[in-house]
Structures are given as C-alpha cells and as structure tokens.
Protein chains: 2
Amino acid sequence: MTARKPRPTRKRIDAGARRAQILQVAGDMFAKDGIDATSMRRIAAKAGVTAALLYKHFADKDALLTAISEGFFVTLAGYMEKAIEGVNDPVARLKAQMRAYVTCGIDNPRAYHLAFMTALPRLRRGAEMKAFRERRRRGEPIAEVEMTLGMKCFGRLEQAVADVVEAKLTRSKDVATLSEVVWAGGHGLVSLVITHDDFGFSPTGKLVDQSIELMLHGLLRP
Amino acid sequence: MTARKPRPTRKRIDAGARRAQILQVAGDMFAKDGIDATSMRRIAAKAGVTAALLYKHFADKDALLTAISEGFFVTLAGYMEKAIEGVNDPVARLKAQMRAYVTCGIDNPRAYHLAFMTALPRLRRGAEMKAFRERRRRGEPIAEVEMTLGMKCFGRLEQAVADVVEAKLTRSKDVATLSEVVWAGGHGLVSLVITHDDFGFSPTGKLVDQSIELMLHGLLRP
DNA sequence: TCTACAAGTGAACAGTGTCAACTTATTGCG
DNA sequence: CGCAATAAGTTGACACTGTTCACTTGTAGA
C-alpha cells in the first residue's frame, strides 16, 4: 500500500529564487546550445519544473530571452568600465572602449547575437531610447538610474567620443553621428566574425587592431 | 451522380516551373512577413499545393531559405555592378561599391538579415570560401564561373580596395584585412539600421555619408 | 491502349509556444 | 491548534511547426 501518487516531491521555492534559477538554466542552455535548442520545455525539464510554470515568471519566451539579453548588457558594461580604469587620455579611452566592446562580443557570441542582432520586441523601447538620445544631444545630464542597460553601454561609447571631440581632436564635431559610426564599425566586426566563422577572416587580433586603427585615423584630424 | 471526389483539379506543372513558382511565393512572403511567418505550410497553401510537395524541390526549409538568400546575392551584385559603371577613379569606385552595398542592404532588410546575419548551415561552404580567399591573396586569377555568388560580391569590394592599394594611396597594403575592415564598416551600418529601427539613429543619408567619409579617411594616407 | 515515371497528396510523428483550469503546499490569523 | 487565503506548481489541451512515408493520379512515350 504505498502511496498511489509516486511521490510528487515537488520542491516549492520562493518566486524570486525560482525566477533566478530558471534564468540561470535558460542562460546556460542558450549560451551552449543556441536559441533553437533552447525551448521552453527543455528549460523547464532541466530546471526540474513544468513548462507552464515558466509562464508564471516570464510573460512569454521573448520575455525570457530579453532577460538573458539584459544579463549580457551587464557583462558588456563591465568590460567597458574595466577597460578605461586608470586611462586618462581621451583617445586612449575611446580605443579602450571600442576594444572592450568588440572583445566582449566575440567572447559571448550567442548573447551578442541575441542582444544586438535580433529584434526582440520587448527590447525595443523606441520612444524611451529616442528621448534619451535627444537629451544627450542637448547636453542634459541623465541620472544613471534612469537609463536602460543598453543605453548605459552606448552612453559610454558616446561619452568617449564626446571627450575626443571636446578635446578638439576630430575632423567632425557631430558627436551623435560619429558615435553611431564608431558603433557600427565595432558592431560590424563582431557580427561578421561571430556569424561567418567559416569565411576565413584574418586573425581576429589583427582584424580588431586594424579596424580600430582605421576608424581612429578616420575620426581624428591629421 | 457527380464524382465523389470533389474535383481535385490538381494542376500538374513541370518541376522546374513549380520550383520557380514556390521560390517566388516564398520569397515574396518572406520579404513581406519575415522569417517566422513564412512556414512551409503557408508557402504551400499560397502556392496552391501541399506542404509535402515542397520537399520534392527543396531538401528542407534551410535549403529553401538559402535559395532565397542566393537570390539576394544576385540583387546585391547588380547594385554593385551598376554603381561603378563609368567610374574610373579608384577611390570613387571604392566609395561607390560601399554605398551600393549599404543601400542594397537597407533596401532589402529581410533578405539582408537572412544572407548576412543568419548562419544558414547550407550557406556555409567553409573550405570553398577559404580557398577562394587564399588564391586571391596570392593574386591568382579566378574564373567568374568558379565563384559563389557571395564570393563575387565580396570579391568586388576586395577588388576595389586592391585598386586603391595598388595606386599607392593607402596607409596599409594589407588588402585582405583592409577589405574585411571595410566590409565590417558597411555591414555594421546596415545591420544596426535594419534591426534597431527604433534607436533614433541620425538620418540614414547622413549616417552613410559620414561613415564612408570616415572609413576612407582612415584608409587613405594623408 | 498500356505502362512507366513524374507530380502531387494524406496522414501521421514528434516537437513547439501557450493558456485555462485544476491541485497542492505554505503561511498568517483567530 | 485548525482554517482560510494565497502562492507555487501541474495537467492537459490547442493550434501550430518541420518533416517523412506510403500512397494516388496525371501524362508522355512505346
């Protein structure tokens, strides 16, 4: 006469902890197996839980992916912050920021793809982002707390560009556009390298060096 | 006593025509609704055919997408070819190639995403591509026929860079790396603009102009 | 006219994201 | 202590996906 129900053994844990656990499992699975292999059911199974439960913590799969993506922004901000510690020359700082961005992307290809090469509906906070850029353009100070993680990262790059412009070292003074161009340069490099790894690119180090070199020569006035 | 089977009305057409028709339908649907909404069943329905039939013409969905993607390479090659008609100055030619690349990408965002921002298994002909680049590096001539469509497009860009290098106008002489850097610049621009259309970028025209300007200043020696 | 083959179909399989209705465990309260 | 409220979790389904295999049907040539 053992119990009919075969020991459900469900461990209930507090919502916050479960959310964190799910995110952890999902993040690992995503980084290892890619987006397609990371299904709600597989995540749930690995977390020792039912798929339906995931929906108590994340509105849908996009929301879960967005959360993973935001984790990456934290990582990226870390790379960029560390890169300029103790560096004072504006040009050196800009170089360091670019290098940090590219390195972080190449180090975390899956997450980079998710964060920057996928149009996650939830990540697109159009109006917010535009407003942020408007205010920056007008030179308004913006509190850290107000910023999206993505904004913080781009903001870092933009600030580095602004510093170089302010030091009167550049050909153009259009900080906004210049920042976008610099971003595009770095982003292009990362995204090509991580998605066409069979193209036979020059060694990554050389590629990154030459790219940063070229962009700065283009940016700075002779 | 009408026929029991309700008039199958199956129109049989020749395999080649059917393949072309499917490709057409799939291409249109993909360009309009994106990759997720373009399911095998929806394609089949719109083509007036069963999903199973698609597999007589394409090994799997990837193969179908690859075919669409290759159609885009034809378009891109067209843009690039047209752009340099009658242009003789090497610097002007390089500029024209870059602009054509970027314009084509922005004009066909979905196809661009598929061709350059998605790792389609079938598109990755690693060894082939590497060999092609090796031979180019050694200056061997390569017959048009031998080339993949993708190779042709990159080859065009590389050739334009090579011409500028040969005219002794550049800082560096490393054609291979330089070409990759130039490609990355253009690619970064396109891919950012088409995937983060809510970021509040500077007007595209301005962005493209400044980007090309900057890259060329970086490339050319003073 | 019969046959061989190409063109096309039907039905199923295993997997997906998602949700409504249900059950179970835990916690605070009288 | 016992009971109710609520948080945590599950069941089972729905409509969809890519894909395959056995089957039928139309058509061209002998």
Side-chain angles (χ1 to χ4, degrees), chain A residues 3-26 29-30 33-69 114 118-122, chain B residues 2-26 29-30 33-69 114 118-123:
Chain A
R4 300 284 285 297
K5 302 234 172 176
R7 297 190 151 271
T9 322
R10 308 168 177 117
K11 343 175 197 171
R12 278 174 93 124
I13 66 176
D14 141 282
R18 179 76 355 140
R19 197 193 128 101
Q21 184 219 3
I22 291 170
L23 202 46
Q24 176 73 36
V25 167
M29 185 179 292
F30 171 75
D33 305 335
I35 197 163
D36 283 339
T38 307
S39 76
M40 295 303 261
R41 282 176 166 92
R42 265 192 11 107
I43 295 168
K46 195 151 204 170
V49 117
T50 305
L53 183 59
L54 304 198
Y55 290 86
K56 294 266 157 76
H57 298 279
F58 301 92
D60 52 22
K61 196 184 182 185
D62 268 341
L64 179 44
L65 289 175
T66 300
I68 293 176
S69 167
L114 183 63
T118 313
L120 248 27
R122 216 154 289 253
Chain B
T2 55
R4 300 284 284 296
K5 301 233 170 172
R7 298 187 150 273
T9 324
R10 307 170 177 118
K11 341 173 200 174
R12 278 177 95 128
I13 67 177
D14 143 281
R18 186 60 87 189
R19 197 193 129 101
Q21 183 219 2
I22 291 170
L23 202 45
Q24 176 74 36
V25 166
M29 185 178 292
F30 170 75
D33 305 336
I35 198 164
D36 284 338
T38 306
S39 76
M40 296 303 259
R41 282 177 165 91
R42 266 194 8 108
I43 295 169
K46 195 151 203 169
V49 118
T50 306
L53 183 59
L54 303 198
Y55 292 85
K56 293 267 156 76
H57 297 278
F58 301 91
D60 52 22
K61 196 184 182 184
D62 268 342
L64 179 44
L65 289 174
T66 300
I68 293 177
S69 167
L114 183 63
T118 312
L120 246 29
R122 214 154 290 254
L123 220 47

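Rounded to whole Å, the distance from CG on A:Leu53 to C1' on D:dA8 is 7 Å. One atom, CG of A:Leu54, and another, P of D:dA8, lie 15 Å apart when rounded to the nearest Å. To the nearest angstrom, C1' of D:dT17 lies 15 Å from CG of B:Leu64. Counting to the nearest Å, the C1' atom of D:dG18 and the CD1 atom of B:Ile35 are 13 Å from each other. In this entry the distance linking CZ of B:Phe58 with P of D:dG18 reads 14 Å, nearest Å. Between the P atom of C:dC5 and the NZ atom of B:Lys56 lies a distance of 15 Å, rounded to the nearest Å. Rounded to whole angstrom, the span from the CG atom of B:Asp33 across to the P atom of D:dC16 amounts to 16 Å. Remark: P of D:dT17 and CD1 of B:Ile43 are 10 Å apart, rounded to the nearest angstrom.
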Pick out the pairs of N or O atoms, protein on one side and nucleotides 16-20 of chain C on the other, that lie under 3.5 Å.
unit_1	atom_1	unit_2	atom_2	d
C:dT16	OP1	A:Ser39	OG	2.9
C:dG17	OP1	A:Met40	N	3.2
C:dG17	OP1	A:Lys61	NZ	3.1
C:dG17	OP2	A:Met40	N	2.9
C:dG17	N7	A:Arg41	NH1	2.5
C:dG17	O6	A:Arg41	NH2	3.0
C:dT18	OP2	A:Tyr55	OH	2.8
C:dT18	OP2	A:Lys61	N	2.8
C:dT18	O5'	A:Tyr55	OH	3.3
C:dT18	O4	A:Arg41	NH2	3.4

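Under the side-chain contact (heavy atoms from CB on, under 4.5 Å) test applied with B:Val49, the options B:Leu54, B:Val25, B:Ile13 reduce to a single match, B:Leu54.
Put simply, the side chain of B:Asp33 reaches to within 4.5 Å of the side chain of B:Arg42, judged on heavy atoms. A:Leu23 has its side chain within reach of A:Leu64: a pair of non-hydrogen atoms, C-beta onward, lies under 4.5 Å apart.
Separating the CG atom in B:Leu114 from the CG atom in B:Leu65 is a distance of 5.5 Å, to the nearest 0.5 Å. To the nearest 0.5 Å, the span separating CE on A:Met29 from CD1 on A:Ile35 amounts to 13.0 Å. Here OG1 of B:Thr66 is found 12.0 Å from NZ of B:Lys61. Values are rounded to the nearest 0.5 Å. Between A:Arg18 atom CZ and A:His57 atom NE2 the span is 7.0 Å, to the nearest 0.5 Å. The structure places CD1 of B:Ile22 at 8.5 Å from CD1 of B:Ile43, a figure rounded to the nearest 0.5 Å.
Set against C:dG8, D:dT10, C:dA25, the side chain of A:Arg12 has C:dA25 as its closest nucleotide.
One axis for each end of the helix from C:dT1-D:dA30 to C:dG30-D:dC1, each built from five base pairs, and the angle between them comes to 20° at 10° resolution.
Taking the side-chain contact (heavy atoms from CB on, under 4.5 Å) definition, one finds that A:Arg41 meets it with A:Ser39, A:Ala51, sequence neighbours left out.
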